[in-house]
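Residues take their numbers from the sequence shown, with the count starting at 1. Reckoned from all heavy atoms, side chains included, excluding hydrogens, waters and symmetry mates.
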Amino acid sequence: MKTLLKSSLASTSSQAIKKRKLNDNVVQNNEISLPTKSKIPASDLLDNTKNLVSTFEARKDISYYIGKQWSAEEKIDILKNIWGPDPNYKFPQSGNRNLRFQINWTYEFCWLRYSKIQDGAFCLTCILFPPSDGLGKGGHQNPGKLVIEKYNNWKKAKDLFKKVEPIDRQINEALKKEINDNRDRLRPIIKTILFCGNQGISLRGHRDSGIIDLNEHASTENQGNFRELIKFRIDSGDNVLKNYLETANKNATYLSPLIQNEIISVCNKLILEHLVANVNKSKSFTILADETTDVSNKEQITLCVRYVDLDANKIREDFLQFIEIQNMSGKGLSDVILKSMTDFGLNTKYLTGQGYDGAAAMSGRYNGVQKFIRDEHPSAFYLHCSAHCLNLAITFSYKVPEIRNCMGTTQSVSTFFGYPKRQSILQLSIVEIFPQTNRFKLKNLCATRWVDRHDAVILFEELQPAILHALDRITLWPDSDTSSSASHLLTGLTAIRQLKFQTALAILVKILSISFPLSRYLQTVNLDLKTALEAAYNIQNNIQEIRENCDVQFQQLFLSVITLCEKFDITVSLPRQCKSDNPEYFLRVSLFIPFIDNFLDQLNDRFISHRIVLNNFDCILPKIEMKISEEIKGKFKQLVETYQDIVDECIDSNLNDNLLNGELDLWYTKYSTLTSTELKNKNVIEVYFQTCPNVYPIISKLLQIFITLPVSTATGERSFSTLRRLKTYLRNSSGQIRLNGLALLNIHRDINVDINDVLDELAKKSKRKLNINENILEVDHNYKTIVNHIPEIVDIAGDPLDPINRMPENRYERYDRIKKGPFQPVITFPRRQIGVSNRSFHALWYKDFNWLEYSSALDAAFCFACHYFSMDITSHRDHSDPAFISTGFRGWNIATKKFKLHQMSSIHISSVQTLSSYLKEIPIDVQLEKN
């Protein structure tokens, strides 16, 4: 509405200036041209108030403005300062029945204003914005009551007011219909883009530009899913969309790839803002990051966050954005991550953890990402992805050559059957040997998806009879290369038909069958660090029992291997250099025991950092027979100090030892009687959600921090699957903004994108061919109106820190005022026409020019240092603009340039030095007044 208001003001102003042909923008006590043969002096319209016109009180009264013409800036000033009665104002009575004006009428009729001087009612809109071509048919009627004459027939006043339809409402209704129609035309287009984004399907085709042809058989070119879905909507009966596309201008169809990108960008912004708002609301989060290379050979880093959703009462791990990386060093990556979090709007004050893989650039103690981020956020502890730790534990256990060779052969067999002809032979063998199975293809040993690695080995062992049968058939093929490869896989030194391979495969299957559930469990979201370590500890104990009973365990395993060898005609023999004549003993000592020992050592070493972090929180985690001690109190105090800034926001009073000990005593009393059964069925996440933050504010916040610590980076790995689906060979040139928008739409399908919000954002981005900006319709006829929006600014202008107010005379108060620094309100800044555009002050300028302050009362900018500390401006050679010192700067179209020039001026530098000296050396009289 403010844009409409200012355009109307500008139009009225230009007409007035043309009529007057004067250089002065302000016209006072002049004559207004009316559509009659005579001219009525404006001063005569003020009845008996002509002696009061020059007074300050009269200038605020509505009657003073009757019959006068004003510039756009003056009209805005009038709207800000015009007098209005407060609810306690006593209106004078008149007539035999002692009737009076009612304050409620001003609330009900937004255009109505009361004149204190004339004791009458007027229409503010009609006085400030009179029609230029007169009233009535032919423009020959004179304005009357409410316009140039007061209305004071209070008996019939309300009935008359109800019949009045002011100019702003007439304009507003027509504009409202136009805007609503335009928004309805764009809704199906936005819905189609949202549908494609949610489903993860491409939008563009080979020929997707120009006017869309609605003829069903007109084009044989692939126009892409988006344009074909638009045609499908029209065929399904969307007549609004059909009529729009048939009548729209060629440059206003809103189907082009550029508009698609804008809409996708807006969706990206809305979803990201929703996620960031939830994260900031939780006041505790951890960052998860991982890196990959996309199909266009660009390095992409995925950023995810783990936090507590306070509305849904659950842990969430949400993908935020893909970021293209140029510098892969630890410093470069950390700078990108920190900057991205700030750009997204995340409050990094609440960053309490980091989760990455074990690459040196990420986990390095001296030059890794985690180190540089901890330098800025000391409480953001780094935790290596636990699922990755388990995978590395298994990988580094393959130091035993036979185990490593077994994994290599398994991968070679899987690769061998990757060709269609060979795969068909394998499928025939599987159907013949395992008619009930539904698994017909081997899996590769995936380097990143840890569950697939476990599953690949177990699946190989299950399908081994069919694999051997298929390889035997392929060895008979006339193709020498293929048949020799199959023969080598069967009978080579590390081949399938070798005792060592079968033994190593049986050992792998046994150990991986134990670790497989843990690998899958560690990749879940609703998991806390304590539960994850307990699961890993249980696996470690299980394998330790196998190690302690290795004789019996391996004997059973070896018997099954011997049975399998007899079935597949595999010779049970030992190497020549073997000194033992017992195959079972030899294989147990050389394969089974070394592999298990390596695996146990790796499990213990890989989770050391996790146990250290867990030990820090151990003082508040429920356990059997909880007893408080001085050691426990010391650990609790140290934990609170680690997260001091976050914990301080949870309590109303200052932290002290008595407060900490009191809450800790109450907490231990609550869980002192916890039984082992109750503890077994209660994890830390459940404990947190059952803890009342009003009773245990500190412990509740610490538990929240603990459950948000990263357990794995599986969410980042999942986002890479989306990346591979979206950025394919045919879509390899997708821009980063488009990629992120489509990724968020596809991943966060649970977040509803309101089409009205999309339209509102599109209206803000730039001037549109179609007017879809609903903000100009913000007319509330229950008192919040085109006029009544202005008092909100007046309230802000009343701030004592506004530059328009004089500096306090009291020296102590003056010193205190200067210490507070520049007045930098962040509000909806008023827009006014400068040249052909409507411009306003921008809050972003505060960041670039920290000396800048804004006067809400004057809609003007000042230099804080120069405004209060500048000396004689003429003494400086590079004369600075005096507007920054006295009158206020308002040239928003050239603001950045002027700010830079002023910042380099000698008067500004001198004023800043004076300000700095003033703040460093407190005047003696100020010190005395303080004392």
Side-chain angles (χ1 to χ4, degrees), residues 272-273 275-291 299-308 317-385 529 609-610 612-614 616-617 638-650 655 701-702 704-713 715-716 821 844 846-848 850:
L272 187 59
E273 286 178 348
L275 295 171
V276 169
N278 287 342
V279 174
N280 288 339
K281 184 178 179 180
S282 69
K283 295 186 177 181
S284 176
F285 72 95
T286 56
I287 192 75
L288 309 175
D290 206 348
E291 180 273 333
E299 297 286 349
Q300 299 275 3
I301 188 171
T302 177
L303 285 185
C304 307
V305 287
R306 178 180 170 92
Y307 65 100
V308 175
E317 287 184 4
D318 287 332
F319 163 77
L320 293 181
Q321 295 278 274
F322 291 119
I323 303 169
E324 186 179 345
I325 297 296
Q326 304 297 335
N327 186 349
M328 292 298 295
S329 66
K331 177 62 175 175
L333 289 170
S334 64
D335 289 343
V336 169
I337 292 173
L338 289 170
K339 183 179 182 301
S340 298
M341 287 193 291
T342 303
D343 292 344
F344 298 158
L346 290 170
N347 191 342
T348 54
K349 172 185 176 181
Y350 304 120
L351 178 62
T352 57
Q354 309 172 64
Y356 317 120
D357 58 21
M362 305 300 291
S363 63
R365 183 179 300 178
Y366 302 108
N367 292 301
V369 171
Q370 65 93 10
K371 188 266 181 184
F372 291 113
I373 291 182
R374 280 207 67 186
D375 286 344
E376 294 196 25
H377 304 281
S379 59
F381 292 101
Y382 161 70
L383 285 172
H384 190 180
C385 169
L529 185 62
S609 61
H610 300 75
I612 291 173
V613 174
L614 176 63
N616 294 337
F617 286 87
Q638 184 178 1
L639 183 62
V640 171
E641 290 173 352
T642 303
Y643 301 100
Q644 183 80 49
D645 294 339
I646 300 177
V647 172
D648 283 342
E649 297 185 9
C650 305
L655 280 175
K701 176 55 68 174
L702 292 175
Q704 181 189 355
I705 293 172
F706 179 75
I707 63 176
T708 56
L709 291 176
V711 177
S712 75
T713 59
T715 300
L844 292 176
Y846 295 146
K847 182 179 180 181
D848 296 330
N850 57 7

| request: Determine the interplanar angle of the Phe322 and Phe319 rings, folded into 0 to 90°, and report it as parallel if under 30°, tilted if 30 to 60°, perpendicular if over 60°. | output: tilted
| request: Determine the interplanar angle of the Phe617 and Tyr643 rings, folded into 0 to 90°, and report it as parallel if under 30°, tilted if 30 to 60°, perpendicular if over 60°. | output: tilted
Locate the shortest heavy-atom distance separating [X] from [Y]; write the atom from each residue and the value.
X	Y	result
Gly353	Leu351	O-CD1, 3.5 Å
Ser363	Gly358	OG-O, 3.1 Å
Ile287	Met341	CD1-SD, 4.0 Å
Thr708	Ile705	OG1-O, 2.8 Å
Gln704	Ser284	NE2-CB, 3.8 Å
Ser334	Ile373	CB-CG1, 4.1 Å

| query | Should the pair Lys339-Asp343 be classified as a salt bridge under the 4.0 Å nitrogen-to-oxygen rule? | reply | yes
| task | Let me know which of Gln370, Glu376, Lys371 forms a side-chain contact (heavy atoms from CB on, under 4.5 Å) with Arg374. | result | Gln370
| query | Given Phe381, which of Thr286, Thr642, Thr352 fulfils the side-chain contact (heavy atoms from CB on, under 4.5 Å) condition? | reply | Thr642
Heavy-atom donor-acceptor pair, [X] side chain to [Y] backbone, under 3.5 Å:
X	Y	result
Asn280	Asn347	yes
Gln321	Leu272	no
His610	Val711	no

Nearest 0.5 Å please: distance from the [atom1] atom of [X] over to the [atom2] atom of [Y].
X	Y	atom1	atom2	result
Phe372	Asn367	CZ	CG	5.0 Å
Leu303	Thr715	CG	OG1	12.5 Å
Met328	Ile301	CE	CD1	7.0 Å
Phe344	Ile323	CZ	CD1	4.5 Å
Cys304	Leu320	SG	CG	6.5 Å
Tyr382	Met362	OH	CE	8.0 Å

| message | Does any part of the side chain of His377, heavy atoms only, come nearer than 4.5 Å to the side chain of Gln354, both counted from C-beta? | response | no
| query | Can you find a heavy atom in the side chain of Asn327 that is under 4.5 Å from one in the side chain of Asp335? | reply | no
| query | Can Leu529 and Phe706 be said to form a side-chain contact (heavy atoms from CB on, under 4.5 Å), step by step? | reply | CA-CA 8 Å; Leu529 185 62; Phe706 179 75; 4.0 Å; yes
| query | Does the pair Lys701 and Glu649 meet the rule for a side-chain contact (heavy atoms from CB on, under 4.5 Å), with working shown? | reply | CA-CA 10 Å; Lys701 176 55 68 174; Glu649 297 185 9; over 6 Å; no
| Just wondering, more than 12 heavy atoms not from Gln638 lying within 6.0 Å of its CD? | no
